[in-house]
Structures are given as C-alpha cells and as structure tokens.
Undergrad: 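Attaching a single structure in structure tokens format; questions to follow.
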Amino acid sequence: MKMHFCIPVSQQRPDPLGGRYVLYSVYLDGYLFCRVRYSQLHRWNEQLRRVFGNCLPRFPPKYYLAMTTSMAEERRDQLEQYLQNVTVDPNMLRSDIFVDFLKFVQLDTFSITTKTASLDVFLPDGRNIPVEILTSDTAERVLEVVSHRIGLCQELLGYFGLFLIRFCEEGKLSVMKKLVDFELPYVSLRSADVENCKVGLRKWYLDPSLDSVLMDCPAAIDLIYMQAVQDIEKEWAKPTQAQRQKLEALQKEDNRTKFLELSKEVRHYGYLQLDPCTCDYPEPGCGAVLSVGNNEISCCITLPDNQTQEIVFQMNRVKCWQVTFLGTLLDMDGPQRTLNQNLELSFQFSEESRWQWFVIYTKQAFLLSSCLKKMISEKMVKLAAENPEMQIEVPEQGKSKKHHIQQSQQKDSSRFLPRKSKIEMAKVDCVFGTIKEEDL
C-alpha cells in the first residue's frame, strides 16, 4: 500500500550560477520529511531503474526550456504521484539505493551530520530505554537495537513500531505518527518541533486476536501488558466496574497472562484513541472522540445539547476515504513543518443500501488513515490464511474528482481525493499547488 507522501508546495531558489531552481517540500504523514530538487530525484530514479528496470512508476520528464506555471504545477503533481507509487513495492523499500537516498535527504534538509548520539525510547509504563545510535540510523535499525536491549524476539519486530508521542497535561498522551522504517528517529524527533514529544515503543496491530502470536515471548508479553495497563489508565480501554476490580486484582498478583486474557473482553481493548476532534454527524460542528481497532471505527459524538451518541462503523461498511488539507500554508523562513492544523478525513460508508460520507476534522487525519490501512491489511492476511487458494487483490489507486466515486472498486478500497487548497508563501517565488493523497 502507498505511503502518505505529498508535495504541497514548491519554491524557486537562486543557484550560485545566477539561475534558479525549484525546491520541493516533501511531507510524509503530514510532517515535513525533506526538501529536494528535481535533479536529485531524477538521479535517484535513474539509480533505481538500473536495479529494478521498468517496474518503476513513470518519472516526470526533463524540460530544457523555461517552465510555465502550469508545467511546474504538473511536474509537482507528477513527483508527488511518483513518490506515492514508488513505495508500493516492498522490495524497493528494502533496497540500499532507496533507503540511502532518503536517509541523505532527511539529514541534509535539517542540517544534521552523521554522528553517534543517544536516543531515549519510552516504553508504555513510562520507563525509557537509552540507546546509542547514529543520527543516520533508520527506525527499523533503532527498533532492532531497542528490541535487543529488552529481549524481544527478532521475528516479532513486525508487531511493534516506533511512534512520535506527545505527552500532554494531566497525564494524557497523543500519538502523533508512526515512524516508517526508513525514517530517521533522531531527525524526526528534532524536526517535529513539538513540545514534550518523545519516541515511544508501542505494538502496531489493531486486531486484538494477534496477541496470541506473541505469548511465547516474555518480552512481548511485558510490552503488551504495559500498553494494556496504560490504555486502561488513560481511559482508551473502558472496562466495566466488575472487570476493573478483577484486572486490579490480577495486576497486584502480577499475573500478566491472565490480565491480558481478561483485557480482551474489555471494550476498546487494543484500540488507538485519537484526540478530541469535530465531525459533521449528525450535524456540523459536533465534538467527537474516535477509537480505532478490531476492524471498526468507534465514535463517541457530543451533540449540541451536550448529549452523547455512540456510533460504530464496521470496516466492511467503509468503501473509501480521503484526506484533505483545508488550510493555509504560510512560509516565512521555510515551509511549516506540519500540515496538521486544517486536515479532514472523510470516509464513504453504506447505510440502508445508500452510500454516505462521514467527515472528521482532526490533526491526526494521516494517523487515522494509517490505522484504516492497517486494519484492511490485517483483514486481508487473515482471509488469505483462512482461504489459501483465494486470490486477494490489493486495492489500487484510482483517480477521481471529489464527489465522483467509481462504483466498480471493491468495498474496502480506499484513496485520497483531491481538493484545491490555498497555499500562501512569503519572501520567495513559489508554485501554488494542491495536496493530493490517493490511496492505497
């Protein structure tokens, strides 16, 4: 599945020879990932093509004459699509050519040199694991180092991930994003520019039944136990009073296996809860708290009269979704480092044989999208295991305009549909553009 790459803006900069070049600001999951020139991406594409041949997506052609505004906008859009499409092939994601280039541009963008550094990785119980790394170490590498420190079986690494987590007042926490394998945690942490932000280790699956895969590894049991306790303390998981009393007794006995068995019966166990946001259901401006997991989106909606309403969307009712940037991106000394101020995620769902849209306004729209993708991929793996001879087709990207959905797509396909967004820049000439995220 594609990653959430987008290039919302490009800037013209003077070069040392008196000419001008275009610098593209590339965002990943809503956070500034790097700034690159077309020539850098072109050389990277040529290197990839020598290894992977014609399986690469089409790369925007060179122009030998001055580009018009429309040509520059078309190139920006094509580069965005290229970055989204090139991440589909898992073999490419693991190649040295792919990873080394993205490591270089991350370091270069934020003027960080490769050197030895200490990084604190926080566990769900609040303890931190200090690890000595290189600033150029990827999230995949840092996860390996941390897992070795805590004794986590290497074959279980795919069930866990590193996250950027903001620790808020009153003990609350907010998951900002999951770090993808080729991201550099040291760089991402410093470039996020968010107060009380830390790198945290959490499980990365949303199907609670997958706990059973981890029960032969003591370190894995410890991690999911810590997270279960944390989720209950933070009220992400919602036990009844009777369940809470039993869980507290098991916690005092330090019976972690029994604790986890009972936790599976708790409402929203293993779900990821988003920060309070707003939605348009049943009317615009309603407050909402979303919990995502176990193949569903659970919404607690606050109505205008302060009454609450619970609504649950099973993923088999969801046809597609889109993330749209609605706000204004100002560039004073360079593009802002996040796109999280004016994001919406809308998904199309079936109700009484009709397709409807549910719109959520949340700064965690990209994280929510990642969770939806995760639930779909877990469901596909489970179906494949249950039916080994069944062919499962991964949903492909489809281009369509807002309010136009191709009905022939399978019901669990998802994509990001375009909407024009105003992008204002200061001090530099720029190319105006859209953020278009199409899934996945």
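All heavy atoms count here, side chains included; hydrogens, waters and symmetry mates do not. The chain is numbered in sequence order, starting from 1. From a predicted model like this one, the values you see are computed outputs, not experimental measurements.
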Undergrad: Evaluate the side-chain proximity of Asp120 to Val131: yes if any heavy-atom separation is below 4.5 Å, no if none is.
TA: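 No, side chains not in contact.
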Undergrad: What's the spacing between Leu189 CG and Ile165 CD1 if we round to 0.5 Å?
TA: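 Leu189 CG to Ile165 CD1: 11.0 Å, rounded to 0.5 Å.
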Undergrad: Take atom NZ of Lys172 as the centre, draw a 6.0 Å sphere, and report whether it contains more than 12 heavy atoms from other residues, nucleotides or ligands.
TA: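 Count not over threshold, so no.
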Undergrad: Do we get Lys198 above Phe122's six-membered ring, with its NZ or CZ under 6.0 Å from the centre and within 45° of the axis?
TA: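 Pair Lys198/Phe122 counts as cation-pi.
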Undergrad: Any luck finding a side-chain donor-acceptor pair between Ser147 and Gln154 under 3.5 Å?
TA: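 Their side chains do contain a donor-acceptor pair, which is all the 3.5 Å distance test asks for.
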Undergrad: Is the count of non-hydrogen atoms from other residues, nucleotides or ligands lying under 6.0 Å from Glu132 atom CD greater than 12?
TA: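 No, the 6.0 Å shell around CD holds no more than 12 heavy atoms from other groups.
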Undergrad: To check you understand the geometry: which heavy-atom pair defines the closest contact between Asp181 and Thr138, and what is its length?
TA: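 Of all heavy-atom pairs spanning Asp181 and Thr138, the closest is O-CB, 3.1 Å.
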Undergrad: Could you check Ile150 against Leu223 for side-chain contact (heavy atoms from CB on, under 4.5 Å), going step by step and ending with a plain yes or no?
TA: CA-CA 10 Å; Ile150 63 177; Leu223 285 174; 3.8 Å; yes
Undergrad: If every non-hydrogen atom of Leu162 is compared with every non-hydrogen atom of Leu143, which pair is closest and at what distance?
TA: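 Heavy atoms only, the tightest pair is CD1-N, 4.0 Å.
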Undergrad: I'd like to check Thr135 versus Leu184 (side-chain heavy atoms, cut-off strictly below 4.5 Å). Are they in contact?
TA: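 No, side chains not in contact.
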Undergrad: Using the side-chain contact (heavy atoms from CB on, under 4.5 Å) definition, which of the options Leu79, Leu83, Asp29 pairs with Phe5?
TA: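 Answer after filtering Leu79, Leu83, Asp29: Leu83.
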Undergrad: Run the ring-ring contact (aromatic ring centres under 6.0 Å, His included) test on Trp44 and Phe98 for me, step by step, so that the C-alpha distance in whole Å, both residues' side-chain angles and the decisive distance to 0.1 Å come before the verdict.
TA: CA-CA 8 Å; Trp44 181 48; Phe98 182 93; 5.4 Å; yes
Undergrad: Yes or no on side-chain contact (heavy atoms from CB on, under 4.5 Å) for Phe110 and Val187, after CA distance, side-chain angles and deciding distance?
TA: CA-CA 8 Å; Phe110 299 104; Val187 176; 3.5 Å; yes
Undergrad: Decide salt bridge (charged side-chain N to carboxylate O under 4.0 Å, His left out) for Glu80 and Arg76; before the verdict, give the C-alpha distance in whole Å, the side-chain angles of both, and the deciding distance to 0.1 Å.
TA: CA-CA 6 Å; Glu80 182 179 275; Arg76 185 206 60 78; 3.4 Å; yes
Undergrad: Taking all non-hydrogen atoms of both residues into account, name the closest pair between Phe313 and Cys299 and its distance.
TA: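 Of all heavy-atom pairs spanning Phe313 and Cys299, the closest is CE1-SG, 3.9 Å.
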Undergrad: If I compare all heavy atoms of Ala228 with all of Phe259, which pair ends up nearest, and what's the gap?
TA: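 Closest approach of Ala228 to Phe259: CB-CE2, 3.9 Å.
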Undergrad: Would a 4.5 Å heavy-atom cut-off, applied to side chains only, mark Arg35 and Tyr24 as touching?
TA: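 They are not in side-chain contact.
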Undergrad: Please walk me through it: do Trp204 and Phe160 pass ring-ring contact (aromatic ring centres under 6.0 Å, His included)?
TA: CA-CA 5 Å; Trp204 181 227; Phe160 297 89; over 10 Å; no
Undergrad: With the side chain counted from C-beta on, respond yes when Asn196 and Cys168 share a heavy-atom pair under 4.5 Å apart, and no when they do not.
TA: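 No - every pair of side-chain heavy atoms lies 4.5 Å or more apart.
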Undergrad: If I take atom NE2 from residue His148 and atom SG from residue Cys153, how far apart are they, to the nearest 0.5 angstrom?
TA: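 The SG atom of Cys153 is 12.5 Å from NE2 of His148, to the nearest 0.5 Å.
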Undergrad: Keeping the roles fixed (side chain from Asp137, backbone from Leu134), state whether a donor-acceptor pair exists under 3.5 Å.
TA: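 Indeed, once roles are kept as given, a pair shorter than 3.5 Å links the two residues.
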Undergrad: Out of the candidates His4, Gln364, Gln322, only one should pair with Ser369 under the side chain to side chain donor-acceptor pair (under 3.5 Å) rule; please name it.
TA: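 With Ser369 as partner, side chain to side chain donor-acceptor pair (under 3.5 Å) holds for just one option, His4.
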Undergrad: Carefully, step by step, assess Ser291 and Leu272 under the rule side-chain contact (heavy atoms from CB on, under 4.5 Å).
TA: CA-CA 6 Å; Ser291 298; Leu272 190 149; over 6 Å; no
Undergrad: Would you mind telling me which of Phe59, Tyr82, Tyr21 makes a ring pair (Phe, Tyr, Trp, His ring centres under 6.0 Å) with Tyr38?
TA: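 Considering Phe59, Tyr82, Tyr21, a ring pair (Phe, Tyr, Trp, His ring centres under 6.0 Å) with Tyr38 is found only for Phe59.
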Undergrad: Hey, what do you get for CD (Gln11) to CG (Leu23), rounding to the nearest 0.5 Å?
TA: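 With rounding to 0.5 Å, CD (Gln11) is 5.5 Å from CG (Leu23).
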Undergrad: Give the minimum heavy-atom separation between Phe101 and Gln40, together with the two atoms involved.
TA: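 Scanning both residues, the minimum pair turns out to be CE1-O, 3.8 Å.
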Undergrad: Could you tell me whether the side chains of Asp211 and Tyr159 share a donor-acceptor contact shorter than 3.5 Å?
TA: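 Per modelled atom types, Asp211 and Tyr159 side chains form no pair under 3.5 Å.
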Undergrad: Is the positively charged end of Arg190 above the ring of Tyr186, judged by distance under 6.0 angstrom from the centroid and angle within 45° of the axis?
TA: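 Yes, Arg190 lies over the aromatic ring of Tyr186.
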Undergrad: Would you call Leu274 and Val289 a side-chain contact if the rule is heavy atoms closer than 4.5 Å?
TA: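 With C-beta onward as the side chain, the pair stays apart.
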Undergrad: Would you say the side chain of Lys379 lies within less than 4.5 Å of the side chain of Met315, judging by non-hydrogen atoms?
TA: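 Result no, sub-4.5 Å side-chain heavy-atom pair not found.
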Undergrad: Let's go through Asn128 and Leu123 carefully: what are the C-alpha distance in whole Å and the side-chain angles of both, what is the deciding distance for side-chain contact (heavy atoms from CB on, under 4.5 Å) to 0.1 Å, and is it a yes or a no?
TA: CA-CA 6 Å; Asn128 70 292; Leu123 303 180; over 6 Å; no
Undergrad: Within this structure, what is the SG-CG distance for the pair Cys34 and Leu102, rounded to the nearest 0.5 Å?
TA: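 Spacing of SG (Cys34) from CG (Leu102) equals 7.0 Å.
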Undergrad: Test Glu344 against Lys363 for salt bridge (charged side-chain N to carboxylate O under 4.0 Å, His left out), laying out the working first.
TA: CA-CA 8 Å; Glu344 74 169 30; Lys363 62 184 180 181; over 6 Å; no
Undergrad: For Arg256, does the CZ atom have more than 12 heavy-atom neighbours from other residues, nucleotides or ligands under 6.0 Å away?
TA: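 Yes - once you tally the heavy atoms of other residues, nucleotides and ligands closer than 6.0 Å, there are more than 12.
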Undergrad: I need the Asp275 CG to Met176 CE distance, nearest 0.5 Å.
TA: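 Reported value, rounded in 0.5 Å steps: 10.5 Å.
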Undergrad: Could you tell me if Gln230 and Arg202 have a donor-acceptor pair between their side chains, going purely by distance under 3.5 Å?
TA: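 The answer is yes; a qualifying pair exists.
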Undergrad: Going from CZ on Phe167 to CG on Leu173, what distance comes out if it is rounded to the nearest 0.5 angstrom?
TA: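 Between Phe167 CZ and Leu173 CG, I get 6.0 Å after rounding to 0.5 Å.
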Undergrad: Would you say the side-chain atoms of Gln81 and Asn85 include a donor-acceptor pair closer than 3.5 Å?
TA: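 On atom types as modelled, these side chains do not qualify, holding no pair under 3.5 Å.
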Undergrad: Hey, which of Lys238, Glu235, Lys234 is the one that makes side chain to side chain donor-acceptor pair (under 3.5 Å) with Gln273?
TA: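 Looking at Lys238, Glu235, Lys234, the match for Gln273 under the side chain to side chain donor-acceptor pair (under 3.5 Å) is Lys238.
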Undergrad: Less than 4.5 Å apart, any side-chain heavy atom of Val199 and any of Phe163?
TA: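 Answer no - side chains too far apart.
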Undergrad: Could you pull out the closest heavy-atom pair between Glu378 and Asp207, with the gap in Å?
TA: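 Minimum heavy-atom contact is OE1-N, 3.1 Å.
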Undergrad: Looking at side-chain heavy atoms only, is the closest gap between Ile133 and Thr116 below 4.5 Å?
TA: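 A side-chain contact is absent here, since even the closest heavy-atom pair is not under 4.5 Å.
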Undergrad: Strictly below 4.0 Å, N to O, side chains only: are Arg267 and Glu310 in salt-bridge contact?
TA: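 Between Glu310 and Arg267 there is a salt bridge, with a charged N closer than 4.0 Å to a carboxylate O.
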